[in-house]
Amino acid sequence: MTDTHTGFGRMHRKEDARFIRGRGTYVDDVRLQGMLYGAVLHSPHAHARIISVDTSAAEAHPKVKAVITGETLASLNLAWMPTLSNDVQAVLATDKVRFQGQEVAFVVAEDHYSARDALELIDVDYEPLPVVADARRALDDDAPVIRDDVEGRTDNHIFDWEAGDRRRTDEVFAGADVVVAQDMLYPRVHPAPLETCGMVADMDKVTGKLTVWTTTQAPHAHRTLYALVAGLPEHKIRVISPDIGGGFGNKVGIYPGYVCAIVGSIVTGKPVKWMEDRSENLMTTSFARDYHMQGEIAATREGKILAVRVTTLADHGAFNGSAQPTRFPAGFFHVFTGSYDLEAAHCEVTGVYTNKAPGGVAYACSFRITEAVYLVERLVDVLAGELGVDPAELRLKNLLRPDQFPYTCATGWEYDSGDYAKTLRVALDMAGYDELRAEQAEKRAHGELMGIGLSFFTEAVGAGPRKHMDILGLGMADGAELRVHPTGKAVLRISVQSQGQGHETTFAQIVSQELGIPADDVEVVHGDTDQTPFGLGTYGSRSTPVSGAAAAVVTRKVRERARLVAGAMLEADPGDLEWEAGRWYVRGDQEAGVTIKDIAMAAHGNLELPEGVEGHLDATTVYNPPNLTYPYGAYICVVDVDPGTGKVSVRRFVAVDDCGVRINPMIVEGQVHGGLADGIGMALMQVMAFDDEGNHLGASFMDYLLPTSMECPSWELGETVTPSPHHPLGAKGVGESATVGSPVAVVNAVVDALKPYGVRHADMPLTPANVWRTIQGRPFRTDLAIT
Amino acid sequence: MKITVTVNGQEYDRDVEPRLLLVHFLRDELGLTGTHWGCDTSNCGVCTVCLDGTPVKSCTVLAVMADGKSVRTVEGLEQDGELDPVQKGFVECHGLQCGFCTPGMLMTSRWLLDNNPDPSDHEVREAISGQLCRCTGYENIVRAVRWAAEHPGTSTSTSTSEEEVTA
């Protein structure tokens, strides 16, 4: 299926050709000569001292090639590794295990069945210790100290962090007519991409080169970290991130299994493959959320929202592996100011250790913005209930106006552009809001439970400006490199990498748009550190805002180089040339022009070029974004609730997104669809609960429920387009918009449905059991085992 | 154990461990890596293949259970260089993103259309309800299958023809 499509617009994806034939290459598809297979032994305890690890029986297994323990790693100084939040995490436990599922030993064998057999032969003697599974108990005086590996540590406190002006906020609250408070939990969830995490590590002892095929969303950052941690020379490390079966933030961090696979290859001299199983993925790799929030909102009696404040307890698990720009331990949570013109706002966040898996990764949440949006949009609904006004009306009254942009919010973010009320009105029209309210009134009269939920979200995506953010000291600018071959075909090399976002298409369209050649004439190279320039990777909806801008800038550089060559070809002053799609021509004489294809051949040919003109057209760039981009949207969810069973059915979902200029609207809509499904999952089904002993109650897809085709309605999408003023293409990020904006719309809808019972709030997930208990006035803690 | 399995029309004789899963037989023994593995508990469905014409989750079928039977995988959908309508539909309607669930979705879609050439949206949703997709929110998968139903062209049935068995 070839396509002559040029520029922006809907076009089929270039990458589909291999995927529909089953010819993608995912990490587990990589097979190397002599490859061995690794498997990890995990702790059954959430907190226990390791008395001894006996690997002798495993080592005696005829197909086992190596058994690696924490002790082995300690001798290489690799038993601990740094996390993305400047903490350390055990690669393989040496002293204690600190969460159920923690990595204890690694077996390398001839095949993966044998590797797993051998795990059964390892004998670990544990002395169980008291467990802290509930973050709200983590700072109790009698709570066991989880991180006694850190000298002098006497509690489970990680950090206190605040943003906004506390005094000013308190003043506004003190003078407000109406103050409403609401405690809410954004429970622990897991991104659960269908492809689990894994690696094939191949250390070539002759060349000293380490090549890894790995499930990473950030291949360049991983390469640098491997170099820094393991002391390997960075130019001898090649990180290949081939086709990735979904990431959603799960594949940002470096996991113990990766390090073990690399050590396994070094020890055995053979390539080693390690792939998690599903339980390992759910139990040990990065979770998300786990925010216990005490929110308050202040307003006038007439419904002018004045201020928001929140105190948050953040459960970071046993090691602080939270993935976000270093200066922001709570990510971008402080954009909880939302879409409203507030006089003041303040938040304080306290991070604690618990006996749970580490992480705190972005799960399609744009660095904790989903928590922020959940907080403010729940509070606005609670306020609407308190004031007795319609939640749509309350929002329309308080949304920022177009003339207020660029707008600096009370916690310091500079929103770039927006016409919020317009977007909300489009959504209300699409939904037929007034008719829905009339239907709801009629249904209520008959005892039927129907709910209508709104959310209006603003995101801050595209991290980020070097002066404001970095990850472990690495700036968040992205490189791009464009080569144009003599026949006018182009190869774009980018640092970001796709986990399904369609970069091979979107980025080809950017070059196509800027150079006027068909997108099919542009090959996009990504996911291989030996083949691409440095950049920080794909997460936080940053690909289009940062690397997309880099692609546009580098293509414009090529175009300018082409102008010089065209000048020589046309015997004209380059300054007198004008550009139109695909060609330079002499101003005032449209006929006298040359196409990029002609220019490319001439640039590589024997045409005499003026002094200082190099020839060839290739160019490179590094894009350091001046600001984040601020996509936003208005979502409306309609639910029906069965009062007898508590079952929630999502009847309709209207989503109107404004992500600025859309490069490929088909791909944008696909991103939104996926995020909406995710939102329904989080609102209604997904949770990782624990019992008092720290047992993980969601360690398989039988217990950790994900939405299927039956829970999802047919999505109704709309759009408005308000370009970003600082992005070269006017585009904003969109990959996470729907995951950020949709959960709270669903919750608002369910709470709205339960209004006849006097329900003001219920924590996610709104499972039938939870809804039923809420109707009975006996809600339970959704993060703990149901009691 | 010695088994003979016909996969995509070709017969394979192999000596396998009794515990070997069909998904690993296809991937590791035959190198047919288009069939993926995702959960071990029959919940995600990325390993779906057709066994004697019926979709099964190959992570919960032993390879020895396929002895004497016929398996069709995503690699067997394209015939003589011609894509199956469901493959075309997924491209036309953006029915895939990361591509990991796609092979399983395609096999179930093919089976559905063989048995119900003109399914409603709801029937498509029911047919794929045992399979997860984390990227698309299912909407475009439903559209893709509907597209294939409307463009039957040269569909290639999942049921095993006499010709395929003896090939």
Side-chain angles (χ1 to χ4, degrees), chain A residues 1 10 12-13 15-26 28-29 31 111-113 191-196 243-248 275 277-279 498-502 666-667 669-678 680 700-702 705-710 712-715 738, chain B residues 17 19-20 24 27-28 31-46 73-78 83-84 86-103 106 121-122 124-142:
Chain A
M1 292 184 197
R10 292 171 192 276
H12 294 147
R13 296 199 325 166
E15 41 275 88
D16 288 357
R18 63 180 184 274
F19 292 136
I20 55 160
R21 290 172 171 87
R23 289 178 60 184
T25 303
Y26 302 89
D28 198 24
D29 300 340
R31 275 167 176 65
D111 62 85
H112 67 257
Y113 283 54
L194 290 184
E195 178 203 33
T196 57
D243 290 321
I244 299 293
F248 317 111
M275 285 301 301
D277 67 23
R278 179 55 58 188
S279 292
S498 172
Q499 309 108 43
Q501 294 91 338
M666 178 190 84
I667 288 178
E669 289 161 12
Q671 295 280 295
V672 173
H673 285 165
L676 294 176
D678 241 350
I680 284 187
S700 81
F701 281 164
M702 295 203 274
L705 302 182
L706 298 170
T708 74
S709 53
M710 302 306 281
C712 295
S714 183
W715 315 112
Chain B
E17 273 193 76
R19 64 174 172 170
L20 183 70
H24 292 140
R27 290 179 54 81
D28 300 341
L32 295 170
T33 55
T35 300
H36 300 140
W37 168 91
C39 76
D40 272 340
T41 48
S42 297
N43 294 99
C44 80
V46 303
T73 70
V74 66
E75 288 92 344
L77 278 179
E78 191 177 4
L83 290 173
D84 188 281
V86 294
Q87 292 174 302
K88 292 179 188 169
F90 272 64
V91 176
E92 288 291 333
C93 302
H94 190 29
L96 69 154
Q97 290 180 34
C98 80
F100 205 71
C101 76
T102 311
L106 289 170
D121 283 8
H122 185 76
V124 176
R125 284 181 184 272
E126 274 197 324
I128 60 168
S129 63
Q131 287 162 255
L132 297 173
C133 172
R134 302 286 288 142
C135 300
T136 66
Y138 304 102
E139 177 84 22
N140 287 348
I141 294 179
V142 176

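Note that this is a predicted model, so its numbers are computed, not measured. Naming: A, B, ... by sequence-line order, numbering from 1 per chain. Heavy atoms only: backbone and side chains are in, while hydrogens, waters and symmetry mates are out.
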Atom group of A:Q501 that falls short of 4.5 Å from chain B, counting heavy atoms: neither
Choice from B:L20, B:L96, B:V86 maximising heavy atom contacts with chain A below 4.5 Å: B:L96
Pairwise distance CG(A:L194) to CG(B:L132) - rounded to 0.5 angstrom: 6.0 Å
Heavy-atom proximity to chain B below 4.5 Å, by part of A:R18: neither
A:F248 vs B:C135 side-chain heavy atoms within contact, under 4.5 Å: yes
Heavy-atom proximity to chain B below 4.5 Å, by part of A:I680: neither
Minimum heavy-atom distance between B:T41 and A:S700, given as atom pair plus value: CG2-CB, 4.4 Å
Least distance between heavy atoms, B:R27 atom then A:D29 atom: NH2-OD1, 2.8 Å
Portion of A:P707 that has a non-hydrogen atom of chain B nearer than 4.5 angstrom: both
Heavy-atom proximity to chain B below 4.5 Å, by part of A:Y26: side chain
Structural part of A:R23 lying under 4.5 Å from a heavy atom of chain B: neither
For B:F100 against A:G245, the heavy-atom pair lying closest together: CB-CA, 3.8 Å
Six-ring centre of A:Y113, B:R19 cation under 6.0 angstrom, axis tolerance 45°: no
Closest contact, heavy atoms only, A:G22 versus B:V74: CA-CG1, 3.7 Å
Listed partners of A:T196 passing side chain to side chain contact (heavy atoms under 4.5 Å, CB included), at least two apart: A:M275, A:E276, A:R278, A:N281, B:W37
Residue, of A:M702, A:Q499, A:R13, A:E669, that accumulates the most heavy atom pairs under 4.5 Å with chain B: A:R13
Any donor-acceptor N/O pair, A:W715 side chain to B:G137 backbone, under 3.5 Å: yes
Minimum side-chain heavy-atom gap A:S714-B:R125 below 4.5 Å: yes
A:L676 portion near chain B, given a 4.5 angstrom heavy-atom threshold: neither
From CG (A:D16) to CD (B:Q87), nearest 0.5 Å: 11.5 Å
Residue among A:A192, A:G24, A:G502 with most heavy-atom pairs under 4.5 Å to chain B: A:A192
Pairwise distance CZ(B:R134) to CG(A:D678) - rounded to 0.5 angstrom: 4.5 Å
B:Q97 side chain to A:G670 backbone, donor-acceptor under 3.5 Å: yes
Pair B:H24 + A:H112: ring centers closer than 6.0 Å: yes
Rounded distance (nearest 0.5 Å) linking atom CG of B:D84 with atom CZ of A:R21: 11.5 Å
Interchain contact, A:E195 with chain B, by part (heavy-atom threshold 4.5 Å): both
A:D277 portion near chain B, given a 4.5 angstrom heavy-atom threshold: both
